[in-house]
Every structure is written in structure tokens, then in C-alpha cells.
There are 2 protein chains.
Amino acid sequence: MNEQLSMRVESLPNLREQVVERLRLAIATGRFKPGARLVERELCEMMGVSRTSLREALRELQADGLITAQPNRGLSVSVISRKEAEGIYQVRTVLEGLAARLFARNATDRELKALRRSIDRLEAVYADFTAESFIAAKSEFYDILLNGAGNETASAMLLRIHTRVSQLRVVSLSSAERAERSIAELREFLSALEARDEDRAWSLCIQHVENAAKAALAALN
Amino acid sequence: MNEQLSMRVESLPNLREQVVERLRLAIATGRFKPGARLVERELCEMMGVSRTSLREALRELQADGLITAQPNRGLSVSVISRKEAEGIYQVRTVLEGLAARLFARNATDRELKALRRSIDRLEAVYADFTAESFIAAKSEFYDILLNGAGNETASAMLLRIHTRVSQLRVVSLSSAERAERSIAELREFLSALEARDEDRAWSLCIQHVENAAKAALAALN
DNA sequence: ATCGTAAGTCTGTATGACAAACATACGACG
DNA sequence: CGTCGTATGTTTGTCATACAGACTTACGAT
């Protein structure tokens, strides 16, 4: 968590985790479209790893709900129905609301500043938009928020949720048009955090997510 | 979800999932204690499966946070610190609050009745307590609640949370003494659901979880 | 007592194998 | 012409085996 003096030589995650990350990104950015079949041997060749490692990685993504298995028929990228999308945003709302409250309560001033800078970067990304850079900026923002909140269980769950939300966003293309409004909401949210106003932070956060949900769901059908 | 006419001959989950379930139960009931090392070969022999299947199962439990990996040193049952326990209960609070609200809104009368019966069974279990039967009764209760709520994402997350809560409960032995109080709370909760009073159901549910948290955390340290 | 080395353990990863489930194509038969 | 059955190929689910590298333990030398 706290990197201390960061004497680490190299923190290379094992092969499987690299595979997980790459697949997660491919799904989040829409390179693997919802419903696409995932054939093990193809993925092995594509990523240059053995079936052993690949399959373990797939189990992880499956546990996250990102991919779906039909017994004896293999895996495919999860298709998100309207109803599921609503459910995902409901969960995101309560978890992010919790995180907001905890951040307001627990975060250091350092973390507050980092969050502000992160919003700046997010704004910059909107100007020159790509799915990858947007996801990178967004996940930096959440890294800071969730770290500051100090609830690892919530963090882990939101990490999973966010991949699915990215997937939805790609489909609905809902981020571009909401850009300005979204940044404005985040800045207001930030001001509540800076004032250490838990309730206001909570309510602004919830509203932010619900607006995002509205935009994404509207595009869905 | 809805079993329709349930014409299925046999719904045998594949080997890996059986392994997952068995391990999950072993951890939930405290048969595998927090901190215990999990040596792959031992588990293979114990369960009569190959390393391949076992390792895939372990990945799943790892994604759930039930077991923890130290690089190159293997896996062990996650130790839950006081702080993590608090975090787990915070998450459980908001997610179960959501589920309560949704159940009050969406559940059928059938599901309401099933929930009532399930509370009866839970009460019976308290009389003749074993970790296994308690967990079985509790997970039946939640199956009904979560199904009625109709949010699969929330269901999946709470399933994970509950295993960890069981683990905590075993350690703290907090269920026995809270039995009567807990049942009373559930019955009041039920009455709110029957009245379709979302807000009251939400608030009673949250209070129930917070009481449970208090009991468990008090025993923790 | 400290250090260095050797032997053993376990993980991380790869390979090859095979039965069972499933899909596809093809041909036979009504 | 359409239906059915069979043959063929593909893919998953599972297993056995192998081996390098990280780590642990024991032992012996200094």
C-alpha cells in the first residue's frame, strides 16, 4: 500500500497476472466485444503462454463476471443486458458512495492533492480521447480515491465493477458527450472532500454515478 | 434463475466447481484456519483431483480474497485483520441495504413467504447449532433474499462477502449469543418487507448488519 | 556463533495426452 | 425434398509429467 522508500528492484507480476491484465484491458476497451467466443488455443497463441497459465487467468476473469462459461461449450465475453447494466450501476452507486464517505473521513491532505491533480489529468484526456488513455486516467483517479478510503474489500469490488462499466461505456460511447458535465461534477465532489463534508461528498458521489448511469443506459436501449 | 419446469436431469457442476465449493466451505467453517498454509500437493491428494483442476479452483478463491498468495511462497488462508473486518462489514452493510431495498420493491409474494419460512428454519438451527447447518440455513435465507432482489452483481458480491463473514463468525463465536436478538431483528425486517416499505426495510437491514458487526468485532480484539 | 553450502520442498509454467461434449458436413432413406 | 443418422473435426475438462527458480532447512566449516 504505502510504498515507503520504494527500494523495489522490479515488481514483475507473474505470467498469469500479466495475462489477466491484458485480457481485462482488451475487454474493457472493447477489443474483445461482448458475446465474442474465447477459444483457448487461439488465446494461447495470441499471448504466447501455455494453456495452463491461460486457463488460470480465465478463471479469474470468470470470477469477476467479465467472461461467461457455457458448460462444455467454452467461454465468451459476457453480454451485458439492460437489466444487468442497471444492477451494475446500482452496486457501483452504493460502493462508490461508501468509498466517498470513507475518503472524506480518512484521506490525508496528500491524497486530496493527488486526487485534484488526477482530475486535471482526466480533463486533459477528454481533449484527446482514446479508450486506453481514458481508462488509464480513470483508474488512476480511482486508485487514489480507493486507497484514501482505506477499505480493501470495497476497492477490490469496485475494481471489478469498473472494468464492466468501461465495457458498457465503450458500447454506449457515453463518455465523450458527458465529458464537461462529468468533470464539473468531480470538481464539486472534490470540494466536498476538501471540506471533509462526508454527507455532501456521499451525496455528490452518488449523484455523479447516477448521472453516468443515466447516460450509459440511455444509449443502451 | 427461474427454474421453469425444472426438467433438468442432473446439474452436476464440473470438477473444479466442486473443489471450489468444498474449499469454500472448509474455510467458512473454520476447518481451514486463517493463516494455514495451503500446499497444492496435499490438497490434490486430499480431494483426489489433479493439480490443474485444483489450481484453477484456487484462482477463484483467490479472486474472492479468501486465500492469499505470497509470490513463490504459495497460498494461505487469508488472515482477517481488525481493519479488514471493519471494511468487510462496511461493504456488507451497503450491499445488503441495497438488496433489502430491491427485495421490498421487486419480490413476489411467493418469495416473501419463502423468506418467512427460511427465517423459521434459521431459528430452528439456532437450537441445535453446528457451523455447517447454520451456514446452510443462512445461505438459504440469502439465496431467497438475493434472488428476490434481482440484482445478480450484488448477489455475486454478497456471496463472497458471506464466506468471509462466516469465517469471522467462527473465530469470534459471535452467532450463538446473538441468536435470539438476531432472529427478532430478522422478523422485524420481514415485516417491513411484507409492508413493501423500502426505507424501513433498508434501515432495519442496515441496523441488523451493524449489530452483527458490533458483536463480531467486539470478539475480535 | 556465523556463515556458506548442499539437499529438499514447493511453486510457476510448459507440454502432451485423451475422453466427452458439441458442431458440422454428408449421405441415406423415407 | 426434408428428416434422420453417421462420420469427422473441434474444443473443453481433466490428468500426468517435467523442470527451472525461489525458498527452507540442515549441516558442516571456519
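Note that these values count all heavy atoms, side chains included, but never hydrogens, waters or copies made by symmetry. In what follows, chains carry the letters A, B, and so on, assigned in the order in which the sequence lines appear, proteins first and then strands, with residues in each chain numbered from 1.
Side-chain nitrogen and oxygen atoms of A/Arg73 include none within less than 4.0 Å of the OP1 or OP2 phosphate oxygen of D/dT12. Of the side-chain N and O atoms in B/Thr52, none sit less than 4.0 angstrom from OP1 or OP2 of D/dG13. Between A/Arg41 and D/dT11 there is a side-chain polar atom (N or O) within less than 4.0 angstrom of OP1 or OP2.
Between the side chains of A/Arg59 and A/Gln62, at least one donor N or O sits under 3.5 Å from an acceptor N or O. Side chains of B/Thr108 and B/Glu111: a donor on one and an acceptor on the other come within 3.5 Å.
Nucleotide D/dT12 holds its C1' atom 14 Å from the CD atom of A/Glu42, rounded to whole Å. Atom CG in B/Leu15 sits about 14 Å away from atom C1' in D/dT12, given to the nearest Å. Straight-line distance from the CG atom of A/Asn14 to the C1' atom of C/dT13: 10 Å, rounded to whole Å. D/dT14 atom P lies 9 Å from atom CZ of A/Arg59, rounded to whole Å. Going from atom CD of A/Glu56 over to atom P of D/dT14 covers 14 Å, rounded to whole Å. Rounded to whole angstrom, the span from the CG atom of B/Leu54 across to the C1' atom of C/dG12 amounts to 14 Å. Computed from coordinates, the A/Gln70 CD to C/dC22 P distance equals 11 Å when rounded to whole Å. A straight line from CD of A/Glu45 to P of C/dT15 spans 11 Å, rounded to a whole angstrom.
Atoms NZ and CD1, from A/Lys33 and A/Ile27 in turn, are 12.0 Å apart once rounded to the nearest 0.5 Å. Atoms CG and CZ, on A/Leu23 and A/Arg31 in that order, are 9.5 Å from each other to the nearest 0.5 Å.
In the interface, the side chain of A/Arg51 is paired with the base of D/dG13 through a donor and an acceptor atom under 3.5 Å apart.
Among the atoms of the strands shown, base atoms are found under 4.0 Å from some heavy atom of B/Arg55. Counting non-hydrogen atoms under 4.0 angstrom, A/Leu38 reaches the backbone sugars and phosphates but no base.
The side chain of B/Val39 approaches C/dT11 more closely than any other nucleotide in the set D/dA22, C/dT11, D/dT12.
If A/Arg16 and A/Arg37 are placed on DNA chain C by their nearest nucleotide, the residue sitting closer to the 5' end is A/Arg16.
Within 6.0 Å of CZ on A/Arg41 lie no more than 12 heavy atoms contributed by other residues, nucleotides or ligands.
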